[in-house]
Amino acid sequence: MSFKTILNVTGVSEIDQDLQVAMDLCSQVGAHLSVFLAVMAPQPTGRYTTLAPSWLEQRERNLQELAERVGNVRDRIAKTELSFDVDSVYAEVAGASYAIGQRALYADLLLVGPAVFGNEDLKSQIVSGSLFQAQRPVLFVPPGSKATLQPRKVLLAWDSRPSATHAARDALEMMKAAESVHVTMVDPVLAPTASGEEPGADVAAYLARHGIDVSVENLPSSGRAVPEVLRQHAVDIDADMIVMGAYGHSRLLELLLGGVTKSTLKHAKFPVFMAH
């Protein structure tokens, strides 16, 4: 997939840092930048809270701040040569993910910048709207990492599941341009219904047919959690990005147990490209 439209979802308090990351990435690949400011209305605490003057006053202040920030964002991007559009939503908590998902339908990639990365409420709305509703890939850029859509070395976390396949397909153009791609498996199960008799061989052959310099690395967990093994291996190979599928199990199990996806994002030190 080539990235012609990048959707940067952010809140009013996180916009400055994340907008710069989004502009840099769009300049890097010649993409259109679509900025979507999402603000969630304050949660009602009583039966008639939404009719109370204090709640209505807070709502008006939020809407005014949102309008001002939209104008500021437009002015800032207009000083560049980027193609862009800016929109916003003021939504109840349950409605934010739906609005994000609707916008994501018309984007090739969603960006979660370093500021929003630390905003768990908004980040969860983005994950729900993009990965599950619109089924669009997301690039997570944790604080302190270097955002890029032209990685030199890629760690492809592989578990032979459909979500990993979708991630590999969506990241294909990036991996074709990379110097090397490391297909990494942790404790693979040698069975036809799991990782096959030669774990990683099938996906390696698939990637190699696209001209990708690929290697397969099967790692033992040795009692460590899978995300920890992946993070350490990314350090060892000096990776610029981790590509992985999201929520290989049911979402309920992931929410209850944490899962590789949640843990990887929680402790991420590299940009993570994720698809479902």
Side-chain angles (χ1 to χ4, degrees), residues 1-42 55-131 133-150 271 273-274:
M1 175 186 291
S2 59
F3 307 119
K4 297 301 183 182
T5 301
I6 296 176
L7 175 60
N8 178 208
V9 181
T10 184
V12 293
S13 60
E14 296 93 350
I15 187 63
D16 293 330
Q17 181 182 13
D18 289 2
L19 180 60
Q20 187 61 56
V21 171
M23 292 192 296
D24 290 344
L25 288 178
C26 287
S27 296
Q28 188 180 82
V29 298
H32 174 89
L33 172 58
S34 184
V35 179
F36 194 51
L37 285 83
V39 175
M40 290 175 279
W55 191 91
L56 293 174
E57 290 171 2
Q58 179 64 52
R59 183 178 187 276
E60 287 303 313
R61 287 195 296 270
N62 289 346
L63 288 172
Q64 182 177 354
E65 181 183 10
L66 180 57
E68 291 175 354
R69 294 299 273 170
V70 167
N72 293 339
V73 169
R74 286 197 179 106
D75 292 342
R76 182 173 172 185
I77 307 177
K79 296 177 182 179
T80 71
E81 297 181 355
L82 291 174
S83 167
F84 74 95
D85 66 85
V86 183
D87 203 352
S88 64
V89 63
Y90 186 75
E92 302 293 339
V93 173
S97 63
Y98 176 79
I100 292 168
Q102 288 299 107
R103 288 302 303 264
L105 290 173
Y106 310 104
D108 299 308
L109 176 70
L110 275 80
L111 170 68
V112 173
V116 168
F117 190 89
N119 184 334
E120 293 299 329
D121 289 338
L122 182 54
K123 185 166 67 174
S124 67
Q125 298 295 318
I126 296 171
V127 167
S128 178
S130 57
L131 289 177
Q133 182 180 326
Q135 298 187 345
R136 289 294 190 268
V138 180
L139 178 65
F140 296 90
V141 182
S145 66
K146 183 179 179 181
T148 182
L149 289 173
Q150 297 174 337
F273 181 95
M274 192 173 288

Determine, stepwise, if the pair V73 / T10 fulfils side-chain contact (heavy atoms from CB on, under 4.5 Å).
CA-CA 11 Å; V73 169; T10 184; over 6 Å; no
Polar side-chain atom of Q28 near backbone of L149 as donor-acceptor pair, under 3.5 Å:
yes
Using the test salt bridge (Lys or Arg N to Asp or Glu O under 4.0 Å), find all partners of E120 that sit at least two apart in sequence or belong to another chain.
K123
Point-to-point distance, once rounded to the nearest 0.5 Å, from CD1 of I6 to CG of L110
10.0 Å
Parallel, tilted or perpendicular: which fits the ring planes of F3 and F273, with parallel below 30° and perpendicular above 60°?
tilted
For residues V127 and F140, determine if any side-chain heavy atom of one lies less than 4.5 Å from a side-chain heavy atom of the other.
yes
When you compare the side chain of V116 with that of V9, does any pair of heavy atoms fall below 4.5 Å?
no
The reported gap from CD in E65 to CG in N72 (rounded to nearest 0.5 angstrom) is 10.0 Å
Closest non-hydrogen atom pair, F117 against P143
CD2-CD, 3.7 Å
All side chain to side chain contact (heavy atoms under 4.5 Å, CB included) counterparts of V39, not counting sequence neighbours
V12, L66, Y90
In Å and rounded to the nearest 0.5 Å, what is the CG to CZ distance from L7 to F36?
8.0 Å
Under the rule for side chain to side chain donor-acceptor pair (under 3.5 Å), what residues qualify as partners of Q135, not counting sequence neighbours?
none
A side-chain contact here means heavy atoms from C-beta on lying under 4.5 Å apart; do R69 and D16 qualify?
yes
All heavy atoms of A147 vs all of P271, minimum pair found to be CA-CG, 4.4 Å
For L139, which of V21, L109, N8 qualifies under side chain to side chain contact (heavy atoms under 4.5 Å, CB included)?
L109
Atom pair OG (S2) and CG (D108), whose distance is rounded to the nearest 0.5 Å
6.5 Å
Run D18 and L111 through side-chain contact (heavy atoms from CB on, under 4.5 Å) and show every step you take.
CA-CA 9 Å; D18 289 2; L111 170 68; 6.0 Å; no
Residues at least two apart in sequence or cross-chain that pass side chain to side chain contact (heavy atoms under 4.5 Å, CB included) with K146, listed by chain then number, are none
Tell me which one of R136, Q125, Q133 satisfies side chain to side chain contact (heavy atoms under 4.5 Å, CB included) with I100.
Q125
Residue list, side chain to side chain contact (heavy atoms under 4.5 Å, CB included) with N119, at least two apart or on another chain
E14, D121, L122
Residues that E68 engages under side chain to side chain contact (heavy atoms under 4.5 Å, CB included), provided they are two or more places apart:
Q64
Partners meeting side chain to side chain donor-acceptor pair (under 3.5 Å) with D85 (sequence neighbours left out)
H32, S34, R103
Distance-only, no hydrogens or angles: does the S145 side chain make a donor-acceptor pair with backbone N or O of V141 under 3.5 Å?
no
Treating S128 as the side-chain partner and S124 as the backbone partner, does any N or O pair qualify as donor plus acceptor under 3.5 Å?
no
Contacts of R76 that satisfy side chain to side chain donor-acceptor pair (under 3.5 Å) - sequence neighbours left out:
Q20
Which heavy atom of A104 sits nearest a heavy atom of A134, and at what distance?
CB-CB, 3.6 Å
